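See below for the structure under consideration.
Residue numbering restarts at 1 for every chain, and letters A, B, ... go by the order of the sequence lines. What you see is a predicted model; the values in this text were computed from it and never measured.
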Amino acid sequence: MTITAKYFGLIADFTKEIEEEFTIEKSDFSTEDLLNDLKQKYSELQETSFVIAVNKNITSENLNLKNNDIIALLPPFAGG
Amino acid sequence: MTITAKYFGLIADFTKEIEEEFTIEKSDFSTEDLLNDLKQKYSELQETSFVIAVNKNITSENLNLKNNDIIALLPPFAGG
Amino acid sequence: MEKKTIKKSFTQGAIAAEFIGNSIAKHQNKTSIGAHNIFLGQVRADEIEGKIVSAIEYSAYEEMAEQSFYEIREAAFEKYDLTCLHIYHSLGLVKTGEICLFVFVSAPRRKVVYKALEFLVEEIKEKVAIFGKEIFEDETYTWKKNS
Amino acid sequence: MEKKTIKKSFTQGAIAAEFIGNSIAKHQNKTSIGAHNIFLGQVRADEIEGKIVSAIEYSAYEEMAEQSFYEIREAAFEKYDLTCLHIYHSLGLVKTGEICLFVFVSAPRRKVVYKALEFLVEEIKEKVAIFGKEIFEDETYTWKKNS
């Protein structure tokens, strides 16, 4: 399956990308698996506070990902 | 002594004046005395809800009046 | 020597939307402000016993009312950490849809502006000697009471 | 057939005082409205570790944020008896003293507008995926966090 990770604010500063597509060989792959891979790739993520949104819904659960899912990494909000 | 009564809103409607000067012969004359006289003169006052201000301060006490005091009869406020 | 003058709150007729826009613009050089809160009172076309209000004619015990505005303003500065505040109230005729009250508070941080604005508006409604004649389309009228 | 479109809240750059004045003017034909309450967020020239903020550059997860604005707006209509409400938030660069957030609620009676406005502003601060880069005079920056 193919999934997209989106990066915002402070996080996009160190990923140097605002979006990345990943092709996953396994059929069983969760948000936690993705975050573990990303923390390997971007060590700064380990000291960054953020929440994740799967297909625009914020979630704190460990969800199984499907083909075409969009996972956003969102640092603290600062509207207003 | 001379005192001034001021009328506003609904009350000025039936006093037909916005201000009246009264010369009081007695030296001992209170807000309650004034209101009794005014209720005689303007019977509509008996069924009207209002507060009074003596020299721009709202009071619910029976105050002795002095020369040049200004007593305002104020119907319910409707600002805003 | 400067003499402290009491800022006037009454203004003749309706308060124009453009005046409000200009007041906001004037605050843009105060860069310690983080939050503004504005209350506007607008004259409603209420139906009262089958007749529609077309305007309110405001009158006041002006000298006393300006004193009350002053005291309310001072009390608000005492209670809340505000950068500035402004109060404008109409006298004379204000048609339905037009604005008769404009209260404007500004502060470094937002939490305080909500409370300060509500305090000011409620105090004005309760304590300022203003009277309103609700004028109907047929030119009859009734005296407004605040609820 | 009309398609229901989600009203957009984001606007490019600062929100002009004149735009706010015009929004107020547009409500003057709605004669059932008795009270408006407006919140404005203004960019502060904060000092952070000895450096002065000169602007905030806003970015957002736009598709998600517009959906959040929509949900917050619907929740406010559900909770409070409002005639209308409007939310505008800046994207891109907003200099100190300029306005980045404009929330506008209107209702027949005043009691409800205070609560509705505070609800909206607090929800926006907490739930909308907006990010702010505080840019200093020397062009370095830090990421803003809401408190």
Pick one of side chain, backbone, both or neither for C:S32, based on which atoms fall under 4.5 Å of a heavy atom in chain D. backbone
Out of [options], which one racks up the most heavy-atom pairs below 4.5 Å with chain D?
options                    : value
C:D46, C:I24, C:L40, C:N29 : C:L40
C:V113, C:V43, C:I33       : C:I33
C:R109, C:K26, C:K95       : C:R109

What part of [X] lies closer than 4.5 angstrom to a heavy atom of chain C: side chain, backbone, both or neither?
X      : result
D:K125 : side chain
D:L101 : neither
D:F39  : both
D:V53  : neither

Checking the side chain of C:R110 only, and the main-chain atoms of D:G41 only, is there a donor and an acceptor separated by less than 3.5 Å? no
Would a distance-only check, ignoring hydrogens and angles, find a side-chain to backbone donor-acceptor pair under 3.5 Å from C:Q42 to D:H27? yes
For D:Q28 and C:A17, the nearest pair of non-hydrogen atoms, with its separation, is OE1-CB, 4.5 Å
Checking side-chain contact (heavy atoms from CB on, under 4.5 Å) for the pair C:L117/D:N37: CA distance, chi angles, key distance, verdict? CA-CA 9 Å; C:L117 189 74; D:N37 201 350; 3.3 Å; yes
Tell me, out of D:G34, D:A25, D:A45, D:G21, who's got the most heavy-atom pairs with chain C below 4.5 Å. D:G34
Option that, when pairs with chain C are counted at under 4.5 Å, heavy atom only, ranks first among D:R44, D:K115, D:E98: D:R44
Carefully, step by step, assess D:E122 and C:K111 under the rule side-chain contact (heavy atoms from CB on, under 4.5 Å). CA-CA 9 Å; D:E122 296 304 311; C:K111 299 278 183 188; 3.1 Å; yes
Are more than 12 heavy atoms, taken from residues, nucleotides or ligands other than D:K127, located less than 6.0 Å from that residue's NZ atom? no
Heavy atoms of other groups near C:E18 CD, more than 12 under 6.0 Å: no
Roughly how far, to the nearest 0.5 Å, is the [atom2] atom of [Y] from the [atom1] atom of [X]?
X     : Y     : atom1 : atom2 : result
D:I52 : C:T31 : CD1   : OG1   : 8.5 Å
D:I20 : C:N22 : CD1   : CG    : 11.5 Å
D:H36 : C:I38 : NE2   : CD1   : 11.5 Å

